[in-house]
Structures are given as C-alpha cells and as structure tokens.
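Notes follow once the structure below has been shown.
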There are 4 protein chains.
Amino acid sequence: MAALQKSIDKRNALIDATIELVNNDGFHATPMSKIAKMACVSPATIYLYFENKQDLVNKTYIEVKSSYTDYAFATYDENLPVEKGFEIIWKRIAQFKLKESTYATFLAQCDNTPMIDEASRQEGIKHLQPLLDLWARGKKEGLIKQLSDYMLYAYAINPLSFLMIAQNRGSIQLNDQELQQAYEAAWNSIKVCK
Amino acid sequence: MAALQKSIDKRNALIDATIELVNNDGFHATPMSKIAKMACVSPATIYLYFENKQDLVNKTYIEVKSSYTDYAFATYDENLPVEKGFEIIWKRIAQFKLKESTYATFLAQCDNTPMIDEASRQEGIKHLQPLLDLWARGKKEGLIKQLSDYMLYAYAINPLSFLMIAQNRGSIQLNDQELQQAYEAAWNSIKVCK
Amino acid sequence: MAALQKSIDKRNALIDATIELVNNDGFHATPMSKIAKMACVSPATIYLYFENKQDLVNKTYIEVKSSYTDYAFATYDENLPVEKGFEIIWKRIAQFKLKESTYATFLAQCDNTPMIDEASRQEGIKHLQPLLDLWARGKKEGLIKQLSDYMLYAYAINPLSFLMIAQNRGSIQLNDQELQQAYEAAWNSIKVCK
Amino acid sequence: MAALQKSIDKRNALIDATIELVNNDGFHATPMSKIAKMACVSPATIYLYFENKQDLVNKTYIEVKSSYTDYAFATYDENLPVEKGFEIIWKRIAQFKLKESTYATFLAQCDNTPMIDEASRQEGIKHLQPLLDLWARGKKEGLIKQLSDYMLYAYAINPLSFLMIAQNRGSIQLNDQELQQAYEAAWNSIKVCK
DNA sequence: AATGAATGAGGATTCATTCAT
DNA sequence: CATGAATGAATCCTCATTCAT
C-alpha cells in the first residue's frame, strides 16, 4: 500500500533523525523542531506518530535495541558448540558496535542516562535471552565460569562499548588483528582456565 | 579566612547539587534554578562561581574525575611489582565506583554523552597517567599483553562501570567474593598467559 | 431522500456535539477535532457543513435560540388576555430553561461572552417578537408597567436564567410550588399594582 | 517600600489587562503574550505572580468579586431597617454594575462559563453574606417573602446583570428615573404585599 | 559578594484548517 | 460527499542569564 509505506517511511525518518541529533547534541539540545526539519516533516506531524518527546525517545530506544539484538543473533544457531556460538555472537556484536556506531552510540547514551523510561529499559533487555541461554549452557558444560550474567556481560561484551566510543572519538581505529585480540580477551575473561 | 571558606563551601554545594540533580534527572532536566535551590543560593550566585551552565558542568566533571583518580592512586606506590600495583589500583577503583556511586554515575553519564566539552574531557583523562605507566612497565616486563591502553582499559577497568550501573539499578549486589572474582577476570583479560 | 437525511443527521450531530462540549469545557477548550469525534465524523467533514469554527458556533447559537423561542410560543395564542398569555409564555420559557437546561446553558454562555458574532446575536433576538407584542398590548391596556422591553425582560424573564444555572450547579432544585412562586414574583414585578 | 509597591503595581496591571482583554475577546482569544504586553511586562513575568493562565483568571475573578461586594456593602449599616438597608445595598450594586461595567462584565462572563474553577467560584460567593443576613432579618420581620436566597437574588439582583449587559451593548441607557423604577421592581418582587 | 526580580529567546505541544485520495 | 493525514501558525510555559539593589 503506497499510503501505508509513506507512513512507515515518515516514522523511520523521525526515528533516524532522533538518533542522529541526540547522538550529536544530546537529548537536551535536540528540539522537536530540529528533528522535524531533519525528517522533512512539520513539527506537528511528529505527534501523529508519537505521543510526545519522551515517547519518541523511548520508542526509538526500543527500536534500536531490538535491531541490535536482531543483528547479534542473525547468524547464530543454538546447536553450535558453546565456544563457537559465543565467538559468532561476539563478532556480530562487535561488528554492530563498530560498524553501526550510530546506533551503538545512541544505545550507550540511553543506557547511561535517565533519558529513558524504566519500562522501555526493561523492554529493551528482554531480547538478549539467546546469549544468556548460551552462557547457561556453557556453565553447565564447565566451559564458562560460574559468574552471574551481569558479570559475564561486563567482561565479555561491555568492553566493546568503550572501544566503540573511543573509536568514534577518533582515539583508536581497530583493525582485524586487534579485533581478534579483543575477542580473545573477552573469551579469556569468562572461559574456565584449564 | 571565614569569608574564603564560605565561598568554597558555596562552590562545593553547587558542585554537589549539580551531580545529584544530573544523576537523577539528566542534564536536560536540570535547570539552574533547581541547582541553586538545592545549594541554597540564588540563581544569580551561580554566575559568580561559574561562567554559565556549560562551564558549571565542565568544572564539575573535572573535579569529580580528579577526585576519582586521586582516590584510585592514593595507596599506590610506583615501586610495587606490576601485579600487586595493578591489584591495588583496581581495588581502589572498584571501591570508588561501587561505594561512591554518586560520583561514578555522574562520570558515566558524562563519558557517554555530548554533555561535556571536548577540552574538559581531555583534561579529565590526564590524571590516569600512573595507571598507563604501570601498564607500560608491565608490557616491558612481559607480564601484560601488548595491547593498546584503550584495549587494556576496556577490559580491565571499564567492566566496573557496567557493574556499578547494574548495582545502582538494584539488579545486582556485589559481595567481597564476587568482587574478587571480578578482579581476577580483569587481571586474566590483560595478563600474559604463561 | 436517504442521502439528504444522512446529511441532516450529520449536521445535527455536529450541532449537538458543539453544545455539549462548549457547555462542559467552554468555547476555548473545545477543539474542532473533539467536536468531530463526538459527532462521529472526520474533522474535515465539519467544513462541508460550516465555514469555520466561528460559523459553527454562530449557527449553533441561532439554531438553539430559535428552538428556544419556538418552544416558548408553541402553546401561545395572541387572542388570549394579557395576563393569561403572559403566564403561558412564562411557564413555557421556565420549562425550557429548567428542563432543556443543556440548550439554556449554551444560550447563557453565548449571551454573556464575546463568543458570538454581533450579527448572529441580532438574528437571535428577532424571534422574541410575540412576547414584545404581548407586552405592548399589556401596557396599552394599563395592565403592565410603562417600562422598556429590556426592563421587563430583565425582571420577568431573566431571573429564570439565574435559577437555571443555580439548578444546574446543584445549588437548588425547584419544585412546582416554587415555580409558581417564581411566576408570581415575575408577574408582580411587571404588573401595574392596583 | 518601593520594591514591594512596584510588585503590587505589576500584579494589578496584570489583573487589569486580563479583565480588559477577556471582556473584549473572551478567554479563548486572550493569549498570555497579549496580557503581558498590555501590562507592560514580559510574558515570563506573569509566571512570577501566577502559576498559569487558569490561576491568573481564577485570582482575577476572586479579586473582582471581592471588590464588587466591598463596594456593595461599603455604605451599609446592619442597624438600618430592612427596607432602607436593602435600598442602600441595591443601589450600590446597581451603581457598581452600571458604572464599573468593566468589572461587572467580567463577572458575568465568569459566572456563565466553565472558565473558572469551582473552588474559586465558591470563594467568590462567600462575601455576599451581609445581604443574606439582611434577607433573613426581613423574612423574620415579615417584610420579605419566604423565598430561598437564590430566588430572592434571581429577582432582586440578577436583573441588574441583564440591564448592565444591555447598556454595555448600547441597547439602552438607564437614567435616574429608570433606575428608580428598576429599584422599585426589585423591591416589589421580593417584599410581602400587604 | 549576594540576591531576587525580571526577561527574551526558545521549546513542546495544540489546533483550525486544508488537501490528496 | 467524506476522510485521515498533514501542517504552519500560534500558544503556554520554561529557563539560562542579567541587573538593580
């Protein structure tokens, strides 16, 4: 349907503009009018798609978080052995964070800020389940340390956020070899040392 | 001098109010008038101590960052062996992040947001030098992996930020044993495996 | 014609919605979109029946005013003696104001507000002629005081508006006996005392 | 105090501007910016004196209502005989409504509109007590009909509102003789006919 | 040094109205 | 006829900042 498609396009344009502007200027310095202008719609049009500014940001967060996890697990298969499975997920996450850094930056800002509703935050966490399942399996098989999911995430995944931000700021530029090192550091920090 | 002390107190009250309010509401929802009220001064008084809102936040950031590094290195001695030195610094940082979580939360928000001047950000990084020196020594002695400082920080230190936020949100509560596990994970991820 | 009837129904629904909403929320808090919703049509449809918001309110006023006077004179016969004729009209007006208080409230709001065009106001007054004629006859016959029509209206009719509003607000509830007292007060205030 | 006086002046200017503009254009067509301009202050200044637009109108209503009753009872003495007392009050009210028609018009608009809080409305009614007391005395002494206060007000006082509006619209112009007639009509409608 | 009153610029949001379908 | 999506212009209100005292 042409009309429906146009609606979806507009909504997406708004979401994209929100990400772009919040990334560059921060939530506080991103007026609705600027979002509207970047999305090539009238300010009033935003309110056809979102209840208010908070809702726009919440929905944007959920959408981005969801595309993050979709990306992360796109090539993962539950039947893979633990280490291989982890490697695949980790590298997809790394790719997302370092290549789709616009999205990743936005998520980092949301996750470290009272910018987002608690409800939306909870909603966003849900989709990480396959990784938690993998870790559970790894622990049962004695391959992964008996640490809480938070601890595992902190050491295996979260460093990527830091590297992503450093790369965005131009402080570093990770090449394939360094990425491999990073992966190994991640795996080392959670695997059971034989 | 009583007058000077009163000035310092006022300045500190403003800094504290800024941290408190930005932590709870975010930069965008923290008006100067609210900061003034919490610090028990007139809005106009803020401008005797700081040029404008941006300056207030920048200065607050630098001050907090500096108290973070002061705390981190307070018990460190350059003559200690690398592993011991690292342990001491790491545990001080952990203590700071988990016990002084008000300050740590503020820093996390600044570090993931365009809230702060680039200049202030650079200023804040400076004070980390002793840790970088330690790592340089560790690499030379073959005890620490040949990774960039960013990579080392990402794996050895940054996970603590994630754990701090999770703990603030009430998702976890780290006890001494878990803290020790976290330390070991940190060291494992950067040490050269023999 | 079914099509014509549907049109009339829609127009009436819009008029009714306007009365209802203006009564409850006031003109200033009654958006066209709300009127449309209550009348179960699209906002755009309003503009097929009325030029704009002002026109909608003007037309509504004229319509209600006209149904008020129709009601007032429905049972009146010019050949009745003055006092009987007045009683009949007065009691019809009372019934309208107290029973059809939705309409009466709307009129009261229009009459005390710059909500309505001067032209529409003039248009609305026209229909009161039979009452003015009756008064003229009463004055000629020496039964009614030599007062201007405004004065007569002020004392004989307008008090009903006040009582209607008080009753709407729940402050009073007029029974038949009190209504009769009210009628007598009205007649007393304009009749020539012998 | 010069500063305090200036504050009071500003507040009064805002109240006056509100009355003037709401009278002419109605609540819905009176933007805060226009009120500010007429009172020669910045729009933001209004919010130093009033919480919001609703509060401004509520407070204006209470203030005007209060000056109405002050005026009404200024020359009244509780020890006067009932009829004389009523005449004095009635004529003061008439003078207020016809001479201070700006205030009276504003009150009429508030009283026939959902423009005002119920609470403010209640607050405004309070001050009418001396008149109600007089009526109670009149009823006890057998001089005034045994009617509810609402009914008495409807016939003795409210007609003045109608006459005031008619005079404002230029439809009539009451001279002293007509005013005396109006007074007599008022008294006739509530006095016990001997 | 300190203040509280004052403000202009700007931001979120609403709304009467239009237009493509 | 009828509509729902779209909008530009306004409106209420906030806030960083200033200034007279």
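Just the heavy atoms: all of them, side chains too, but no hydrogens, waters or symmetry mates, feed the values below. We name chains A, B, ... by the order of the sequence lines, and we start the count at 1 in each one. Just so we're clear, the structure is a prediction, and the values are computed from it rather than from any experiment.
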Starting at atom CZ of R11(B), determine the distance to atom C1' of dA2(E), rounded to an integer number of angstrom. 17 Å

With a 4.0 Å limit, can you tell me whether T45(A) has a side-chain N or O closer than that to the phosphate oxygens OP1/OP2 of dT7(F)? yes

Charged tip of K53(C) within 45° of Y47(C) ring normal and under 6.0 Å: no

Enumerate, atom names and distances included, each donor-acceptor pair closer than 3.5 Å involving a side-chain atom of residues 31-38 of chain C, sequence neighbours excluded.
| residue | atom | partner | partner atom | Å |
| --- | --- | --- | --- | --- |
| K34(C) | NZ | D25(C) | OD2 | 3.1 |

Within the structure shown, what part of the strands sits under 4.0 Å from Y49(C) by heavy-atom distance: base, sugar-phosphate, or nothing? sugar-phosphate

Specify the separation, in whole Å, of atom CD1 of I8(A) and atom C1' of dA6(F). 17 Å

Indicate for each nucleotide in nucleotides 15-21 of chain E, in 5' to 3' sequence, whether protein heavy atoms under 4.0 Å reach the base (B), only the sugar-phosphate (S), or nothing (-). BSBBB--

Rounded distance in Å - CG (L21(D)) to C1' (dT11(F)): 15 Å

For K59(B), check side chain to side chain donor-acceptor pair (under 3.5 Å) against everything at least two apart and list the hits. D55(B)

Within a 6.0 Å radius of atom OH on Y103(A), are there more than 12 heavy atoms belonging to other residues, nucleotides or ligands? no

Would you call L56(C) and N52(C) a side-chain contact if the rule is heavy atoms closer than 4.5 Å? no

Between which residue ranges does DNA chain F form stems of three or more consecutive Watson-Crick or G-U wobble pairs, both distances under 3.5 Å? E:2-21 with F:2-21

Output the single nucleotide from dT3(E), dA6(E), dA2(F) whose closest atom is nearest the side chain of L48(D). dA6(E)

Closer than 3.5 angstrom, by distance alone: can the side chain of S120(A) be matched with the main-chain N or O of I116(A) as a donor-acceptor pair? no

dT11(F) C1' sits how many Å from L56(D) CG, rounded? 15 Å

Starting at CG of L14(C) and ending at P of dA2(F), how long is that distance when rounded to a whole Å? 10 Å

If you pin K10(B) and K10(D) to their nearest nucleotides in DNA chain E, which one's is more 5'? K10(B)

Measure from CD1 on I46(A) to P on dG8(F) and round the result to the nearest Å. 12 Å

Can you name the residues that form a side-chain contact (heavy atoms from CB on, under 4.5 Å) with N168(A), not counting sequence neighbours? S101(A), T105(A), M164(A)

Rounded to whole Å, CG of D25(C) lies from C1' of dT14(E) at a distance of 15 Å

Steps toward side chain to side chain contact (heavy atoms under 4.5 Å, CB included) verdict (Q54(B), N58(B)): CA-CA 6 Å; Q54(B) 186 62 59; N58(B) 286 341; 3.1 Å; yes

Starting at atom CD1 of I35(A), determine the distance to atom P of dA12(E), rounded to an integer number of angstrom. 8 Å

Side-chain atoms of residues 107-115 of chain A: list all donor-acceptor pairs with protein atoms under 3.5 Å, sequence neighbours left out, distances to 0.1 Å.
| residue | atom | partner | partner atom | Å |
| --- | --- | --- | --- | --- |
| Q109(A) | NE2 | V22(A) | O | 3.3 |
| D111(A) | OD1 | Y61(A) | OH | 2.9 |
| N112(A) | ND2 | A108(A) | O | 2.7 |
| T113(A) | OG1 | Q109(A) | O | 3.0 |

